[in-house]
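So that the names make sense, note that chain A is the first sequence line, chain B the second, and so on, each numbered from 1.
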Amino acid sequence: MFGRLAAQRLNEIRTAFRRTPQASRSFSTALNYHIDSPDNNPDLPWEFNDTNKEKVKEILSFYPSNYKQSAVIPLLDLAQQQNGGWLPVSAMNAVAKVIEVAPIRVYEVATFYTMFNRTKVGKYHLLVCGTTPCMIRGSRGIEEAILKHLGVKRNEVTKDGLFSVGEMECMGCCVNAPMMTVADYSNGSEGYKYNYYEDLTPKRAVEIVEAFRKGEKPQRGTQNPGRINCGPEGGNTTLLGEPKAPPCRDLDACSAE
Amino acid sequence: MGLGLLASRALRSSRIFRNPTNSVLRTIVSTPELNNADAAAATAPAPVPSDRSPVGGARVHFPNPDDVIEVFVDGYPVKIPKGMTVLQACEIAGVDIPRFCYHSRLSIAGNCRMCLVEVEKSPKPVASCAMPALPGMKIKTDTPIAKKAREGVMEFLLMNHPLDCPICDQGGECDLQDQSMAFGSDRGRFTEMKRSVVDKNLGPLVKTVMTRCIQCTRCVRFATEVAGTEDLGMLGRGSGEEIGTYVEKLMTSELSGNVIDICPVGALTSKPFAFKARNWELKGTESIDVTDAVGSNIRIDSRGPEVMRVVPRLNEDINEEWISDKTRFFYDGLKRQRLNDPMIRGADGRFKAVSWRDALAIVAEVMHQIKPEEIVGVAGKLSDAESMMALKDLLNKMGSDNIFCEGNGKQPNADLRSGYIMNTSISGLEKADVFLLVGTQPRVEAAMVNARIRKTVRANNAKVGYIGAAADFNYDHQHLGTDPQTLVEIAEGRHPFSSALKNAKNPVIIVGAGVFDREDKDAVFAAVDTIAKNNNVVRSDWNGLNVLLLNAAQAAALDLGLVPESEKCIDSAKFVYLMGADDVSLDKLPDDAFVVYQGHHGDRGVYRANVILPASAFTEKEGIYENTEGCAQITLPAVPTVGDSRDDWKIIRALSEVAGIGLPYDSLGAIRSRIGTVAPNLLELDERTPATFSTSLRPEVSQKVSSTPFTPAVENFYMTDAITRASKIMAQCSALLRK
């Protein structure tokens, strides 16, 4: 009897720890394999445009001619910007052709790096930080609020093609957690913006989304009016006066002794 | 409920809180001394120098005596050449290191971490496969630290492994299974959901269960480095990492079956063999492949009367440890379309099964009624040396000298052995730096030779020039031209490629056996000889002049002197003895000719036959085959014969008895001593016998080369002979994988 009870208890503990029993693993990126669709298949033509062709030449010039494949990440980035924020399979093939490797070598890189989007994204790609400090400060609530407001799932594009929401790992902004990044492709690859919005609340996050929808560009950085950049709320609390020089540098004091 | 809750609380408090040292989370390290550092130091095994022999008979070569370093493996000193890894040093010392990702024929990845060993003065265990051995290194392979490290790796590998061994085809020959017996725990501590991965479609040969994959990347490296088809890759990151092609793509390599062997787990298994048998039920017979002229060493795994699968055997000189897909998967052809009774075609054109006595009596009677010069014998591409010897003796005794082997052309030149074998030898190709391929597409004609050329191209940056119809190569090559005129240009030094040949240290010329069928073959060979002479291709220390044969029987047939007296013997034949010959053209054969077909498959030859004599296939008999480099090897019977069929040479021996001209041998030993008087090299088994005289002794030819382009000798890689044409798997491959 005790054995059965112990097993039951163990199960209880397990289910308590397991938040989402079914979809135990979800990744911030898309699938690791490609499924042909009308707007993303290898038969679609894709080429770098004329301005980017110059950039391709410039990027390639950074690397020795026998190590062209080193240019794969900058070229994929260029291709992604040209294509409005995502990489169709034909764009990866085009990159493979430029750097003279088998396409699979490019797919390997593109699937490894989560900032290469292999499915369509909106004009504003909202990336909510999901790493521990932001999670503790409520990033899940923010993501939930945005998803609910937009009526989409993660990595889905809204019907008007304006927004998509994804998850990102730490972007080094933990001091102002929680935060999200907005990759702004609304002005093409020339006016591409990649801005951080910090100190979010679910309400403020939805307001920012609405501002983007209206075509406004909300102020980047902390959204807490009481703070300046990453300074503390209500003004500085330390380093209020001119800092003293370290004692060993005080040569006058040294010589006086 | 209340009671249960109380009880569980009591349990929890007693187990977790009151007695934290004796926790529920049982330690899974099976080395108790590790829990106590002092005890570990006390019980550490004292180095006992033992007389150990290298793992798997590994051989050590010291190219330069100065480059020898000494390391200590478990206290035992070993001398190894500089540049070897720690793992190789351990192997030479006789210590087998567990590994998953390391494979001696592939590049080093170092990502499975199973081969961790302790090295003195190293702060943590090192991955021995990727660590170069340094002089004086003290390597410890059986210390508690090394064992604990491997146990940790094994636990992580098993974390996401489905543990579905009972339904896994790799069960029983699985590296993960074997090594988990040594380093695995009987329970796991991982309570989360296991990862699952979508299966990939790699074609009709390789079955994938990607959830079992442990990401060793052996298959990716094999596809990239050996097979030369960069289709597989490692996609994604972290625990989402998976092997795949990203876009839907079949693995269109002629060597794709080898990924089944190199996969250490059951992620890539054989599709035709799936759920057919367990490996411990199979009887292995060490034999030789006859589907091409390479003579790859194979093991035929059979269960009862059925061949279940074919796997490669290691032979460094011929096929290393790979075999082609045709060799590996043609075996289901052995179960289809088999001839199992002697048959005679009646007046209505239908075959009727008869007894051996009747069938042989009819053949003997007809044979005696026909003029000797109208009797023709044709040996098929799968014939062994014994049966060809017997057939030649039978026909010679009947007074006919019209016997030949299909594929050798109308007027084969059997005078100089160096004129039809691969003089460089297959493993010798690795020393070459320039290749000139004349009318041959090694990728479809001899996949294993092609793998060697590719290996050489990768290792030495060897140049490859190719003359022939546009073809698919899996290495860099220059297509020089399509017809023999290009050859003449090179011979005369007018072609840009001649300078490459001239500057080469070890040039190799490979002429395809398809050239044997050309009208201007003598002129082509004369041009090749000129090129060889001008570029120092044949020297005392190097012979780069090669012929790449197509069929298993060809070399032995020419050694035994199966050369027809007349070029057009078929046109005037009244009696034709086809010994497994299905690809010989019988269009010009007179309608009233009597055709005997002796063979194991109801293939093309049977359509025209009057009498069928069922013979055994190469898996059912013992026979000598000589491969394209002149190495005689022997097949052994793996399964019993089908129906009433008999070995080829026995049928001919019996026929000679019925015909009243009894051949003077009654056993394999006797027929082999007869072979010894004609071609003694065929009896030197498993040893390559080089040709004695070079082709420079060839007589002058006045023939001029024509401008007809070289034609591909093999149309369909997957279907080249009677067995492969009967195979369903090969038919699927031809439909799906040919470009």
_Just checking A/K120: does its NZ atom have more than 12 heavy atoms from other residues, nucleotides or ligands closer to it than 6.0 angstrom?_
no
*Got a sec: does the CZ of B/F156 have more than 12 other heavy atoms crowding it under 6.0 Å?*
no
*A/R105, CZ atom: more than 12 neighbouring heavy atoms under 6.0 Å*: yes
*Looking only at non-hydrogen atoms, find the nearest pair between B/Y246 and A/R118 and report the distance.*
OH-CD, 3.3 Å
*Can you tell me how far CG of B/L235 sits from CG of A/N32, rounded to the nearest 0.5 angstrom?*
6.0 Å
*Answer yes or no: are there more than 12 heavy-atom neighbours, outside A/E47 itself, under 6.0 Å from its atom CD?*
no
*So how far is it from A/E108 CD to B/E230 CD, rounded to the nearest 0.5 Å?*
9.0 Å
*B/T224 versus chain A, heavy atoms under 4.5 Å apart: side chain, backbone, both or neither?*
side chain
*Side chain, backbone, both or neither: which part of B/V197 has an atom under 4.5 Å from a heavy atom of chain A?*
neither
_Atom NZ of residue position A/K97 - does it have more than 12 heavy atoms of other residues, nucleotides or ligands inside 6.0 Å?_
no
_Heavy-atom pair with the smallest gap, counting every atom of A/Y33 and B/E242_ = CD2-OE2, 4.0 Å
